[in-house]
*Asks:* 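My questions all concern the structure below.
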Amino acid sequence: MQHCTMKTAVASGLHVEHYGQGQPVVMLHGWGMHAGVFQPLGKQLAQEHHIAAVDLPGHGDSSGFDQFADIAQHADYLMARLSGLFREGVTLLGWSLGSLLAQYIASQYPEYIKKLILFCSTPCFRQRQDWPCAIEDKVLTGFAADLMQDYQGTLTRFLALQFMGAQNPKENLRQARELVFAKPPPQREMLQLGLQLLETCDLRDQLDAIHCPVLIINGERDALVPTSAARFLVEHLNNSRGVIIKGAGHAPFLSHRENVRYFVERFLDEH
């Protein structure tokens, strides 16, 4: 078993927190967050693996990205830097908005992404006429309207929503606040662009381009991504399996850490 220590590195403006050694697992966080939210789980997984938790552009300690117009540009920006850190390919883990980016990257760079892990994921966050497996439009538009008025309050409400209905919501929220507010707030322009991605991206037609093994983990009580979205992913990704964590909300890797660790480690250890 490896002794886990954290190191940080900056790859052309992209801040990455590294833990452990071994098979590389790159982690992409959700909207308004940073790499620190993965610290508890990352340290556990780093006993056997090399964990690289990324601050997305304009979040945490990463520089902003002034040409972040769509998901393709964001993916290319990330890949240009990650490929310099890990030349042989990686397991990519994404949560919420990060899982949307992870799906797109896996569909566009199939030779580089060896395995894919999706937390609280959906190919389309916004409700559409043919897509009821999503939150109501007013939730996303409400965050966008409130963002410029009160960043900290808006993000606190967003965190509270992630634990709504889950077990021990107050304690989970306290831990999440400590992790999230340990770094400077994200650039507001990047927060708005992240919400734009959540509102506009629909990757349902690109799922058949993902061929690597996929693990999908969602919370039973997720108030942002319904379990029906996870089931859709399992049905439409050829080499996938799904796990619904009982009693968990939108951040099961924080509220149900041991359960999530078990499934992730078993998936990573498979050949």
*Asks:* Donor-acceptor check, side chain of Tyr104 to backbone of Cys201, threshold 3.5 angstrom: yes or no?
*Replies:*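 No, the answer is negative, given that no donor and acceptor are paired below the 3.5 Å cut-off.
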*Asks:* Please report the C-alpha distance between Gln192 and Gln196 in whole Å, then the side-chain angles of each, then the deciding distance to 0.1 Å, and finally whether the side chain to side chain donor-acceptor pair (under 3.5 Å) criterion is met.
*Replies:* CA-CA 6 Å; Gln192 290 177 315; Gln196 181 179 321; over 6 Å; no
*Asks:* List the steps and the verdict of side chain to side chain donor-acceptor pair (under 3.5 Å) for Glu48 and Gln23.
*Replies:* CA-CA 8 Å; Glu48 301 292 342; Gln23 174 189 352; over 6 Å; no
*Asks:* Between Leu179 and Val16, is there a shared hydrophobic cluster once you connect ILVMFWY residues whose side-chain heavy atoms come closer than 4.5 Å?
*Replies:*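 Yes, one cluster joins them.
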*Asks:* Would you tabulate the side-chain donor-acceptor contacts of residues 223-231 under 3.5 Å, counting partners in other chains and residues two or more places apart, or write 'none'?
*Replies:*
from	atom 1	to	atom 2	distance (Å)
Thr227	OG1	Arg231	NH1	3.0

*Asks:* Provide the full list of side chain to side chain donor-acceptor pair (under 3.5 Å) pairs with a residue in residues 235-245, sequence neighbours left out, each pair given once.
*Replies:*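 Sorted result for residues 235-245: Arg241-Glu270.
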*Asks:* Please determine which of Ile117, Leu118, Ile217, Leu215 meets the side chain to side chain contact (heavy atoms under 4.5 Å, CB included) test together with Leu93.
*Replies:*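 Of the listed options, the one satisfying the test is Ile117.
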*Asks:* Working to the nearest 0.5 Å, report the span between CG of Asp130 and CG of Asp202.
*Replies:*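 Asp130 atom CG to Asp202 atom CG measures 7.5 Å (nearest 0.5 Å).
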*Asks:* Would a distance-only check, ignoring hydrogens and angles, find a side-chain to backbone donor-acceptor pair under 3.5 Å from Asp55 to Ala35?
*Replies:*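 Yes, because the side chain of Asp55 sits within donor-acceptor range (under 3.5 Å) of the backbone of Ala35.
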*Asks:* Between His18 and His50, does the ring centre distance come in under 6.0 Å?
*Replies:*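 For His18 and His50, the ring centres are under 6.0 Å apart.
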*Asks:* Any non-hydrogen side-chain atom of Leu203 less than 4.5 Å from a side-chain atom of Ser107?
*Replies:*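 Side chain of Leu203 against side chain of Ser107, heavy atoms only: no contact under 4.5 Å found.
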*Asks:* Return yes if some donor-acceptor pair links the side-chain N/O of Trp95 with the main-chain N/O of Met27 below 3.5 Å, else return no.
*Replies:*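 Not at all, since once roles are kept as given, no pair shorter than 3.5 Å links the two residues.
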*Asks:* Is it the case that atom CD in Glu111 sees more than 12 heavy atoms from other parts of the structure closer than 6.0 Å?
*Replies:*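 Atom CD in Glu111 is crowded, with more than 12 foreign heavy atoms closer than 6.0 Å.
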*Asks:* Can you tell me how the ring of Trp131 sits relative to the ring of Phe232, calling it parallel under 30°, perpendicular over 60° and tilted otherwise?
*Replies:*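 Trp131 vs Phe232 ring planes: perpendicular.
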*Asks:* Can you tell me if Glu220 uses its side chain to pair, donor with acceptor, with the backbone of Ala248 under 3.5 Å?
*Replies:*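 The answer is no, because no donor-acceptor pair under 3.5 Å joins these two groups.
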*Asks:* Would you indicate whether the side-chain heavy atoms of Arg257 and Val260 approach each other to under 4.5 Å?
*Replies:*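 No. Closest side-chain heavy atoms not under 4.5 Å.
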*Asks:* Can you find a heavy atom in the side chain of His256 that is under 4.5 Å from one in the side chain of Lys246?
*Replies:*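 No, too far: nothing below the 4.5 Å cut-off.
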